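Here's the structure we're looking at; comments come further down.
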Amino acid sequence: MALQDNQGTGKGLFQIRARNRQFDGFDKEHERTWRGPFTFIASADIQFGMSAAWDDPTVQDCEPEVKLMRKGIEKINKMQPSPRFLVVLGDLIDANPGTAGSDGQVTSFIEESNRLNPCIPLVCLPGNHDIGDVPTPEDIQSYRNTFGDDYFAFWVGGVRFIVLNSQLFADSSKCEEVKREQDLWLDQQLEDAQSSGCKHIVVFQHIPWFLKTPEEDNDYFNTDLSKRTPMLKKLHEAGVRIIFSGHYHRRAGGFYKEMEHVVASAWGFPLGEDKSGAYVVKVTVDAISHQFYPIDELPLES
């Protein structure tokens, strides 16, 4: 699939992406030294095509999501100082891999993404709609070919960000080797981050570990308890401060001990009372705070 140029720079947006488990957009930020406070934007489930398909699965129309993404990017581009990056926490499109409409939704998502100011890297990760509820190695490779690695890590100003493919925790029955690779990689990342002296460790993933409490019953929108409990323990013991996820299309979340878990509402089609929106996340030496805003109300000061 041909990628469009990013605002006339001659470089496609998704040529700046995760490769070799690192994110190209921050290739000059390998320093582990705290560089002072910064802001980033966290969003989830823009899910091109969902609004139309919700009423009629045969309809292929991305116009509602195009308008929402365009409006949000216009706001984000005007923020001062500029956010360090924008993350979309999975479900970039609605149509599952290989189904009718998926190619068109990917093209529309990329075209709108290229409106983002080139100085604000776009960090993407896969959701269940991007690689399938039961992904195959071929589904994952297709995602990688278009958007970059499905799991990776990067540094921003002394903060370590770890991006996970949460579908491998949901159902890896057709891609067990890929899951083993991520498990081994994650153990090494947590060990390295913990020993690095970084100010914070932040995790991004699509499917939440839990919606309200770590002990809640299994649900479509959370992760099975048998996998949830040991993973929360592992992340907490490694010093992870906060986890951001999507998938629920409503705001939720809570705490595992002192580790916060934020479940983001949708930038695209919300299922709760919130309007379509995103989060302004502020990182300081001692804390990470976040505020949800409807797209129309995103502030010009970040």
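Note that this is a predicted model, so its numbers are computed, not measured. Sequential numbering from 1 along the given sequence is applied to the chain's residues.
Between E112 and R115, at least one side-chain N (NZ, or NE/NH1/NH2) sits under 4.0 Å from a carboxylate O, which counts as a salt bridge. We find that R250 and D274 are not joined by a salt bridge, their nearest charged nitrogen and carboxylate oxygen being 4.0 Å or further apart. Looking at E74 and K71, no side-chain N of the basic residue comes within less than 4.0 Å of a carboxylate O on the acidic one, giving no salt bridge. Electrostatic pairing of D224 and R228 does not count as a salt bridge here, judged by no charged N lying under 4.0 Å from a carboxylate O.
Note: S166 OG to K227 NZ = 11.0 Å, rounded to the nearest 0.5 Å. For the atom pair F221 CZ and L271 CG, the distance stands at 6.0 Å (nearest 0.5 Å). Taken to the nearest 0.5 Å, the CD atom of Q205 stands 6.5 Å off from the OG1 atom of T223. Here the OG-CZ distance, from S142 to F147, works out to 9.0 Å after rounding to the nearest 0.5 Å. A distance of 11.5 Å separates CD1 in I46 from CD in Q105, rounded to the nearest 0.5 Å. We find the CH2-OG distance between W155 and S196 to be 3.5 Å, quoted to the nearest 0.5 Å.
I242 is listed as a side-chain neighbour of V262, based on a closest heavy-atom distance under 4.5 Å. Side-chain atoms of R160 and V202, non-hydrogen and from C-beta on, never get closer than 4.5 Å to each other. E65 places none of its side-chain heavy atoms less than 4.5 Å from the side chain of D45. Counting only heavy atoms from C-beta outward, the side chains of K282 and I288 never approach each other to under 4.5 Å. The side-chain heavy atoms of Q182 and N165, taken from C-beta on, include a pair separated by under 4.5 Å. Side chains of V106 and D103 form no contact here, defined as non-hydrogen atoms less than 4.5 Å apart. By the 4.5 Å heavy-atom criterion applied to side chains, D183 and F169 are counted as neighbours. Between L186 and L164 there is a side-chain heavy-atom pair separated by less than 4.5 Å.
In this structure, the side chain of E260 does not engage the main chain of R241 through any donor-acceptor pair within 3.5 Å. Between the side chain of K75 and the main chain of D296, a donor-acceptor pair closer than 3.5 Å is present. S195 places a side-chain N or O within donor-acceptor distance of the main-chain N or O of D192, the cut-off being under 3.5 Å. D61 places no side-chain N or O within 3.5 Å of a backbone atom of G49 that could act as its donor or acceptor partner. Under the 3.5 Å distance criterion, the side-chain polar atoms of D149 are matched with a main-chain donor or acceptor of N20. The backbone N or O of I162 sits nowhere less than 3.5 Å from a side-chain atom of Q189 that would complete a donor-acceptor pair. Judged by distance alone, with hydrogens and angles left aside, the side-chain atoms of H249 form a donor-acceptor pair with the main-chain N or O of F269 at under 3.5 Å. Side-chain atoms of T229 never come within 3.5 Å of backbone atoms of S226 as a donor-acceptor pair (strictly under, hydrogens ignored). Of the possible donor and acceptor atoms, none in the side chain of T146 sits under 3.5 Å from a partner among the backbone N and O of Y143. For the pair S43 (side chain) and V87 (backbone), a donor-acceptor distance under 3.5 Å is present.
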Problem set entry | Verdict with reasoning, E176 to K179, per salt bridge (charged side-chain N to carboxylate O under 4.0 Å, His left out) | CA-CA 5 Å; E176 288 293 346; K179 182 181 185 300; 6.0 Å; no

For this session: Show your working on side-chain contact (heavy atoms from CB on, under 4.5 Å) between I41 and Y279 and close with a plain yes or no.
Result: CA-CA 6 Å; I41 307 300; Y279 297 73; over 6 Å; no

For this session: Dump the intermediate steps for salt bridge (charged side-chain N to carboxylate O under 4.0 Å, His left out) on D219 and K212, then the final yes or no.
Result: CA-CA 12 Å; D219 184 272; K212 295 181 180 179; over 6 Å; no

Problem set entry | Stepwise side-chain contact (heavy atoms from CB on, under 4.5 Å) check, V163 with F154 | CA-CA 9 Å; V163 177; F154 58 95; 4.0 Å; yes

For this session: Any chance you could lay out the side-chain contact (heavy atoms from CB on, under 4.5 Å) test for F38 and V156, step after step, and finish with the verdict?
Result: CA-CA 9 Å; F38 63 89; V156 176; 3.8 Å; yes

Problem set entry | Intermediate values then yes/no, side-chain contact (heavy atoms from CB on, under 4.5 Å), L168 and C175 | CA-CA 8 Å; L168 299 177; C175 55; 3.6 Å; yes

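Side-chain contact of E216 with N222: a donor-acceptor pair under 3.5 Å is present, judged by distance alone. Side-chain contact annotation: D286 with T284, donor-acceptor N/O pair under 3.5 Å absent. Residues N145 and Q141 have side chains that bring a donor and an acceptor to within less than 3.5 angstrom of each other.
The six-membered or imidazole ring of H261 lies near that of F210, with a centre-to-centre distance under 6.0 Å. Aromatic ring centres of W209 and Y256: separated by at least 6.0 Å.
Closest of all the heavy-atom pairs between P270 and K275 is CG-C, 4.2 Å. Nearest approach of M259 to L232, heavy atoms of both residues: CE-O, 3.7 Å. Here the closest non-hydrogen pair linking M69 and F109 is CE-CE1, 3.6 Å. Minimum interatomic distance between A264 and L89 (heavy atoms only, all atoms of both residues): CB-CD1, 4.3 Å. Shown here for R84 and P121, the closest heavy-atom pair between the two residues is O-CD, 3.1 Å. Across all their heavy atoms, C198 and G158 have their closest contact at CB-O, 3.3 Å.
In terms of hydrophobic clustering, with Ile, Leu, Val, Met, Phe, Trp and Tyr side chains grouped at heavy-atom distances under 4.5 Å, I120 and Y293 are assigned to a common cluster. The same ILVMFWY cluster, assembled from side-chain heavy atoms under 4.5 Å apart, contains both I110 and I73. Placement of V280 and L300 in two distinct hydrophobic clusters is found when ILVMFWY residues are connected by side-chain heavy-atom separations under 4.5 Å, directly or transitively. Residues V263 and F292 fall into different hydrophobic clusters, defined by Ile, Leu, Val, Met, Phe, Trp and Tyr side chains chained together at heavy-atom separations under 4.5 Å. The hydrophobic cluster containing I243 does not contain F40, counting ILVMFWY residues as joined when their side-chain heavy atoms lie under 4.5 angstrom apart, directly or transitively.
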Return a table of donor-acceptor pairs under 3.5 angstrom between the side chains of residues 122-137 and protein atoms on other chains or two or more places apart.
from: N128; atom 1: OD1; to: H206; atom 2: NE2; distance (Å): 3.1
from: N128; atom 1: OD1; to: H247; atom 2: ND1; distance (Å): 3.3
from: N128; atom 1: ND2; to: D133; atom 2: OD1; distance (Å): 3.2
from: N128; atom 1: ND2; to: Y220; atom 2: OH; distance (Å): 3.3
from: H129; atom 1: ND1; to: D94; atom 2: O; distance (Å): 2.5
from: H129; atom 1: NE2; to: Q47; atom 2: NE2; distance (Å): 3.3
from: D130; atom 1: OD1; to: L92; atom 2: N; distance (Å): 3.0
from: D130; atom 1: OD1; to: I93; atom 2: N; distance (Å): 3.2
from: D130; atom 1: OD2; to: D91; atom 2: N; distance (Å): 2.8
from: D130; atom 1: OD2; to: L92; atom 2: N; distance (Å): 3.1
from: D130; atom 1: OD2; to: G127; atom 2: N; distance (Å): 2.8
from: T136; atom 1: OG1; to: E138; atom 2: N; distance (Å): 3.3
from: T136; atom 1: OG1; to: E138; atom 2: OE1; distance (Å): 3.3
from: T136; atom 1: OG1; to: D139; atom 2: N; distance (Å): 3.0
from: T136; atom 1: OG1; to: D139; atom 2: OD2; distance (Å): 3.1

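Screening F85, Y151, F244 against F161 for a ring-ring contact (aromatic ring centres under 6.0 Å, His included) leaves a single residue, F85.
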